[in-house]
Amino acid sequence: MSRSEARHFIEDAAPLLDGFHEQYSVHLDKFDGPMDLLLHLIKKNELDIYDISIAVITRQYLDYIKLMKDLNLEVAGDFLVMAATLLHIKSRQLLPLDDQEEAEDEEADPRAELVRRLLEYQQYKEAGMVIGARALLGREVFARAVTEPFLLAAQNEEGPLEVNLFELVDAFRVLLIRIPAESFHDVAPGDSLSIADCINEILSLLQEKETVQFDDLVRDELTRERIIVTFLALLELCRLKLIRIFQGNRHGSIWFVPAVTQTLSEE
Amino acid sequence: MSSTLSSIIESIIFTSDSAISTDRICDLLDEFERDEVRAALSELAEFHEARGGGFELVAVAGGWQFRTRATYQSYVTRHIKARSSKFSQSALETLAIVAYRQPITRAEIEHLRGVDCGGVLKSLLEKRVVRILGKKDIPGRPLIYGTSKEFLEIFGLKDLKSLPTLKEIQALDEVPQYERQEELPLGQTRAVPVESDLPFE
Amino acid sequence: MSSTLSSIIESIIFTSDSAISTDRICDLLDEFERDEVRAALSELAEFHEARGGGFELVAVAGGWQFRTRATYQSYVTRHIKARSSKFSQSALETLAIVAYRQPITRAEIEHLRGVDCGGVLKSLLEKRVVRILGKKDIPGRPLIYGTSKEFLEIFGLKDLKSLPTLKEIQALDEVPQYERQEELPLGQTRAVPVESDLPFE
């Protein structure tokens, strides 16, 4: 059972549980591992992180794991490792150290290592929140998708930095996903489109414009047949070296430039 | 500063598909003095800052890039999709550890976080914000990880030094971060008072 | 013209990867009057014209687009031409095969990739990431390929041993194995009330 399923389960089955969970809504998925849970328990009990009451923390920690078990949640091994660590620290606290040992070892407090880890973890947890709150490129801020005809020409000369076939096929795949499912089984009407017609159409478009976008070619008639025929026509044109294909950025628009007229106009 | 030089620089940055470094611009424009180029660059950044248009010139990942201002996010995303730069809490935590502690092994990350991090690390590698730096010279030769140039670009950092120090972050944390959670159910089961509950303290 | 509106419009045109029509901009910004948007657009174009920077806002077929001024295109072209060429997918794939399976012949690479690799291999040789190690002692004496010192430098690797193995990458998906436990030790005492549930209290 996943954690979100578990939450539903808790909400649905609350009355059936022995009255002990029912008034509380459980958000088990809030804990990002045992360290996160421990930090929460420390905060909740208003404990001093440098002087944790291992007994309190251990008991509540184990209660929590027990609750997860009661709810049939899969308890991740990491949580059990921490449980063992806590129990180990607790058992060490029970054993009195002799004076000599205590004097020799400043780290005699069995909690020291755990506290160090907790403090360090807390730092990175907060650092994560701080960097996550920045304005991220592609989320809050955006760069320019550079597509200018003269740049495409410049790339031409430098050597092919053309879109590779995979990206072309991927754009094709994405287009196919966009097409409504029902048109899949449509029987083609009498006047079906031929690849030759499509090639002529593309070539005449390229005489008017210096660049053409793949989307422009299929925009008016977004059917599976149209896209497949257009795609095949493009592959054929590419093979004949009549057009060159570019992509501004990954998943950006795909552009076509006439391969011949481009060089003529450069001269 | 010649205004032509600043326009030339502007056109180069404008058509660059990722951040372009000052050194690189200087190399491209070798007919100009480096100092001239540098001066023109900072004046350009100031100009765009003062103008307050839809985009600005930012110093990021060791270079320069034009970017939209965060203020206009909601408008820009009406016509282009925000790329899935979604980072979960555990991804951010792991990324922070890699950023501050690099080079670092998976085992070290897991020791710090107390949980398995394979999946998170893989997705950070796929997002290209984390990269494999090589292998550590210890038995088993585990892979070591660090952050990438994309990390700086995506998080809008000039360089790794411009990450807030952990001390600064701690200072920010006057407000407790734990209020997200209403109440844990287990706390309620305590029948006896805490004081008498704990024989060993 | 509100300067905010013009900045919003600017951010939209800036991020569009093809020319964007006035109608489309009006549709996106339906909280503004069409006339306002139109006015802001022409003022924007005038502003960039008057400023004379490295780029301008032009009305091309189908709409508005920021473009580098023709005057500066020769500078930009320097940058584009000198730009470190990126690896294409097929180049990366071929390079990976050479790196992990070296020494390897072209026929073996082609058998793995299922396509002709002559062109890709040639460009990898030109980029000096792949080198010819010698000739294989089989009929036809085909050339055998391996990676170069430059390959290690590009990927920041100390030696070939530092190349992460496929297994190591796959290991990221695996959760470390803990012994499967039927019952938690703490659960065993579940017959007694929760309060006295824990062995050490």
Side-chain angles (χ1 to χ4, degrees), chain A residues 20-21 23-27 30 32-36 38-41 43-45 53-56 59-60 63-64 66-67 76-78 81-82 90 93-94 117 120-132 134-146 148 151 248-249 251, chain B residues 14-18 55 60 65-70 73 76 80 82-87 89-97 99-100 111-116 153-157 163-164 166 169-170 172-173 176-178 180-189 194 197-201:
Chain A
F20 131 109
H21 308 128
Q23 37 206 301
Y24 315 105
S25 69
V26 185
H27 299 279
K30 284 284 168 73
D32 215 19
M35 303 288 273
D36 205 18
L38 271 184
L39 273 183
H40 170 83
L41 294 177
K43 205 85 186 178
K44 188 178 74 99
N45 291 291
S53 158
I54 287 292
V56 172
R59 205 185 51 119
Q60 293 190 7
D63 278 349
Y64 186 86
K66 183 172 169 300
L67 176 73
D78 306 309
V81 171
M82 180 57 77
K90 215 175 140 182
Q93 280 189 326
L94 302 184
R117 281 182 65 191
E120 200 164 7
Y121 170 76
Q122 191 178 24
Q123 273 190 328
Y124 292 119
K125 182 182 153 86
E126 281 156 15
M129 285 189 262
V130 169
I131 61 172
R134 297 182 65 88
L136 301 198
L137 183 65
R139 196 179 71 181
E140 279 90 13
V141 300
F142 300 87
R144 185 168 170 250
V146 184
E148 291 190 51
L151 286 176
N249 52 338
H251 308 297
Chain B
F14 200 68
T15 46
S16 186
D17 58 2
S18 63
F55 48 86
V60 74
Q65 190 174 38
F66 279 108
R67 292 183 169 191
T68 57
R69 286 174 203 276
Q73 178 205 11
V76 173
I80 59 167
R83 270 182 282 123
S84 55
S85 299
K86 262 186 97 177
F87 292 94
Q89 193 205 317
S90 54
L92 286 171
E93 223 172 84
T94 309
L95 190 55
I97 292 172
Y100 285 97
H111 179 71
L112 282 168
R113 291 195 60 223
V115 282
D116 171 70
E153 282 191 354
I154 290 174
F155 286 83
L157 295 161
L163 271 174
L166 291 175
I169 287 168
Q170 262 183 323
L172 285 177
D173 185 46
Q177 304 281 0
Y178 304 93
R180 295 170 297 138
Q181 189 114 11
E182 289 268 295
E183 200 36 73
L184 257 185
L186 13 144
Q188 304 299 320
T189 62
V194 179
D197 200 27
L198 306 164
F200 297 117
E201 281 190 313

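Quick caveat, the model's predicted, so the values are computed rather than measured. Within every chain, numbering begins at 1; the chains are lettered A, B, ... in the order of the sequence lines, protein sequences first and strands thereafter.
- With a 4.5 Å cut-off on non-hydrogen atoms, B:F14 touches chain A through its backbone and its side chain both.
- In this structure, A:K90 NZ and A:I54 CD1 are separated by 9.0 Å, a value rounded to the nearest 0.5 Å.
- Remark: side-chain polar atoms of A:R144 are not paired, donor with acceptor, to backbone N or O of B:Q65 under 3.5 angstrom.
- Contact count against chain A (heavy-atom pairs under 4.5 Å) is highest for B:T68 among B:V60, B:L92, B:T68.
- Of the listed residues (B:G114, B:A99, B:S18), the one with the most heavy-atom contacts under 4.5 Å to chain A is B:G114.
- Taking all atoms of both residues into account, the shortest heavy-atom contact from A:V141 to B:R69 is CG1-C, 4.2 Å.
- In this structure, the portion of B:F66 lying under 4.5 Å from any heavy atom of chain A is its backbone and not its side chain.
- A donor-acceptor contact under 3.5 angstrom links the side chains of B:E93 and A:Y121, judged on distance only.
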